[in-house]
Amino acid sequence: MAGESLVQHRIQKLLELQRRGINPFAEEKFPRTHLAQEIKDNFPSLEGNNCKVAGRVLAIRSHGRSTFLDLQDSSGKIQILLRQDKVGEERYALLEFLDIGDILGINGEVIKTKTGEITVEANDFLFLAKALQPFPEKWHGLREPELRYRFRYLDLIVNERTKDIFYKRARILQGIRDFLTQRGYVEVDTPMMQTIPGGASAHPFITHHNALDMDLYLRIAPELYLKRLLVGGMEKIFELGRCFRNEGISTRHNPEFTLLEVYLAYGDLEDIKRLTEDMLYHLATAILGSEEIEYRGQKISLKPPFRCLSLYEVLKKETGTDWEKIEDVEEARRLAKSLGVEGDTVRTRGEVLLKVLEKIVEPRLIQPIFVEDFPVEVSPLAKRRRENPYLTRRFELFIGGEEIANAFSELNDPFDQRERFKEQMRRWEEGDEEAQRMDEDFLLALEYGMPPAGGLGIGIDRLVMLFTDSPSIREVILFPLLRPKEEE
RNA sequence: GGGCCGGUAGCUCAGUCUGGUAGAGCAGGGGACUCUUAAUCCCUUGGUCGCGGGUUCAAAUCCUGCUCGGCCCA
């Protein structure tokens with residue numbers, strides 16, 4: 001790191017402490033009696049009592065023979081008052097070697113200062129760690145996005161919002177687990193390293209197993225393994241875990257991201273709609289304390305039931321065109337182009353419809369809405385509608401102009417599934433590298449009989465963005481992928 | 001991959017248009033101070049201006065290539 005003299009000064013202080021027999025790195029633990037926030041919350045009953053707090057020093061205000069500190073722990077900040085006459089001359093002199101960023105343990109008395117600030121007046125203090133690197137500016141904190149991501153630990157220390165986001169993310173994950181577990185769903189772990197990357201249309205990462213001398217793919221989705229578990233008689237299951245897609249990075253995409261998939265045997269798309277609504281409503285009320293969220297300046301109500309339109313209906317409503325009547329791919333493509341949607345890489349009618357949905361319609365879908373009835377060629381794992389086999393029993397849920405969930409009544413007919421894979425293979429041969437691959441092992445599982453089932457996928461990072469009003473996925477991933485900074 | 005914007009002290013930012021010895025605040029160092037809370041007061045250190053090439057008497061500033069990041073588009 002740069003700022004060499006700043007580091008040198010701090011090292012000198014460390015050495016000076018050690019010369020006096022104090023090693024700031026020697027302590028193994030410091031039993032705390034309270035967190036900072038607990039002291040503030042319970043001041044009336046704690047006033048005059050002894051307490052032990054510990055945390056990081058974020059500000060030092062020295063007045064000669066008395067010194068105020070701001071001490072931060074996971075709950076927040078509390079002011080510490082150190083007075084020479086209370087801690088003793090010898091101990092007080094050690095403050096000369098205290099730096100912003102150091103971690104201290106304080107044994108003291110809960111008081112209120114003349115100005116009314118709840119404070120711990122120290123009887124004694126203990127160095128628990130010395131910070132050798134200079135800290136970001138106290139008022140503006142760490143602003144530069146690159147630095148915030150590369151030095152996330154500093155971001156967490158100095159930017160309160162960052163800490164709030166990741167604590168909220170943790171509560172969302174816990175909330176999902178609680179919600180599903182309470183309803184009898186069982187959490188499972190399926191392979192992240194797969195021999196055939198399936199369950200979604202995306203570029204996989206490739207890795208290699210040395211002992212078996214074979215290539216493996218990091219999963220792009222857990223779907224095909226979870227369906228094998230449906231075959232195995234696990235009827236209500238979910239997996240909450242990391243998936244990997246070897247694609248571009250944007251405000252909405254990180255190469256690794258967290259996906260929730262839920263499967264309900266003997267349930268259909270309608271059951272999944274209810275489950276999705278209930279879960280989002282539950283999370284909002286439990287975590288935000290409100291059924292309403294604010295995202296990008298817009299108020300969004302998560303109160304069920306959510307609206308529901310077919311793909312054709314929503315396209316007609318937003319573009320004025322009845323796309324159901326447009327059966328020719330070229331005509332669809334021309335029409336899309338007239339709306340400003342380029343479709344040169346797009347091969348099928350279904351893909352054109354999806355692109356128009358994504359580019360034109362999606363940003364306008366602010367309030368929660370299920371869009372259902374997707375063309376079969378873009379839904380190779382979903383069951384067909386009985387009365388119109390071109391369409392599938394599938395919905396996508398949009399909230400705040402973002403796709404939040406994707407769900408099917410799952411295809412369990414091994415003959416149809418084989419045909420769908422074959423169609424995907426054709427597209428693979430035409431150069432569509434995102435086409436799904438023939439998976440004989442999965443087809444074999446289907447041939448043993450998979451019960452009818454509803455399945456749901458939710459992008460957790462986008463959900464956290466929604467719940468924390470974050471403009472970028474990097475704001476809700478602790479360590480988003482960045483190129484390494486070259487060192488000299 | 002394309003477009004736009006940015007990288008200047010540890011941090012937050014001026015300075016670039018209009019070339020002429022690189023600035024502020026905080027942090028740091030020295031000093032004063034026993035109720036401050038962006039403490040205050042006096043003094044003060046600190047720079048590969050992202051990296052390379054070019055233009056020029058002279059480049060943080062103009063041109064160019066690269067690099068890292070942000071936003072938008074694909």
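Throughout, a chain's letter reflects where its sequence line sits, starting with A, and its residues are numbered from 1.
- The separation of B:A60 from B:G53, taken at their P atoms, amounts to 14 Å, rounded to a whole angstrom.
- The main-chain N or O of A:Gly76 is found under 3.5 Å from a side-chain atom of A:Asp73 such that the two form a donor-acceptor pair.
- Dashed line: the shortest gap from a side-chain N or O of A:Arg474 to OP1 or OP2 of B:C71 is under 4.0 Å.
- Residue A:Arg148 places none of its side-chain N or O atoms closer than 4.0 Å to OP1 or OP2 of B:G70.
- No contact: A:Gly248 has no heavy atom under 4.0 Å from any strand.
- Here A:Arg143 reaches the OP1 or OP2 of B:C13: one of its side-chain N or O atoms lies under 4.0 Å away.
- Taking the side chain of A:His140 as heavy atoms from C-beta on, and the options B:U37, B:G28, B:U12, the nearest nucleotide is B:U12.
- The residue A:Leu154 sits apart from the nucleic acid: no heavy atom pair falls under 4.0 Å.
- Look at the P atom in both B:C72 and B:G30: the space between them is 47 Å, to the nearest Å.
- Both the sub-6.0 Å distance and the 45° axial angle are satisfied by A:Arg91 relative to the ring of A:Phe125.
- Atom name P, nucleotides B:A14 and B:C62: the rounded distance is 16 Å, in whole Å.
- As rounded to the nearest Å, B:U45 and B:C26 have P atoms that lie 15 Å from one another.
- Looking at heavy-atom distances under 4.0 Å, A:Arg483 makes contact with sugar-phosphate atoms alone, never a base.
- Closest contact between the side chain of A:Ser472 and the listed nucleotides B:A74, B:U36, B:C71 involves B:C71.
- Between A:Ser66 and the phosphate of B:U36, there is no side-chain N or O to OP1/OP2 separation shorter than 4.0 Å.
- Between A:Ser379 and A:Phe374 the shortest heavy-atom distance is OG-CB, 3.5 Å.
- Atom-to-atom, CD of A:Gln8 to P of B:A9 comes out at 20 Å; the value is rounded to the nearest Å.
- Looking at heavy-atom distances under 4.0 Å, A:Ser250 makes no contact with the nucleic acid at all.
- Among the protein residues, A:Gln84 comes within range of no part of the nucleic acid, since none of its heavy atoms lies under 4.0 Å from any strand.
- Closest contact between the side chain of A:Ala59 and the listed nucleotides B:U36, B:C68, B:A39 involves B:A39.
- In this entry B:A58 has no Watson-Crick or G-U wobble partner, no candidate having both defining distances under 3.5 Å.
- Base engagement by A:His63 is indicated by at least one non-hydrogen atom pair under 4.0 Å involving a base atom.
- For the P atom pair drawn from B:G52 and B:A59, the interatomic distance equals 14 Å after rounding to whole Å.
- Residue contacts shown for A:Lys13 are limited to sugar-phosphate atoms, with no base heavy atom under 4.0 Å away.
- Contacts of A:Lys77 with the nucleic acid, taken as non-hydrogen atoms under 4.0 Å apart, are absent.
- Between A:Asp102 and A:Phe127, the closest heavy-atom pair is OD2-CE2, 3.7 Å.
- Here the nucleotide nearest the side chain of A:Thr113, chosen from B:C11, B:C35, B:G29, is B:C35.
- For B:A27, one of the phosphate oxygens OP1 or OP2 lies less than 4.0 angstrom from a side-chain nitrogen or oxygen of A:Lys138.
- Nearest nucleotide to the A:Arg150 side chain, out of B:U34, B:C68, B:A27: B:C68.
- Comparing the same atom, P, in B:G47 and in B:C43 gives a spacing of 22 Å after rounding to whole Å.
- Put simply, the side chain of A:Glu358 never gets that close to the backbone of A:Lys355: no donor and acceptor are under 3.5 Å apart.
- Listed pair A:Arg61 / B:U36 fails the phosphate criterion, with no side-chain N or O lying under 4.0 Å from OP1 or OP2.
- Listed nucleotides B:U34, B:U36, B:U12 differ in distance to A:Leu147; the shortest reach to its side chain belongs to B:U12.
- In this structure, the nucleotide among B:U36, B:U34, B:U12 sitting nearest to the side chain of A:Leu142 is B:U12.
- Taking the P atoms as reference points, B:U55 lies 15 Å from B:U64, given to the whole Å.
- Comparing B:U61 with B:C73, their C1' atoms sit 31 Å apart, to the nearest whole Å.
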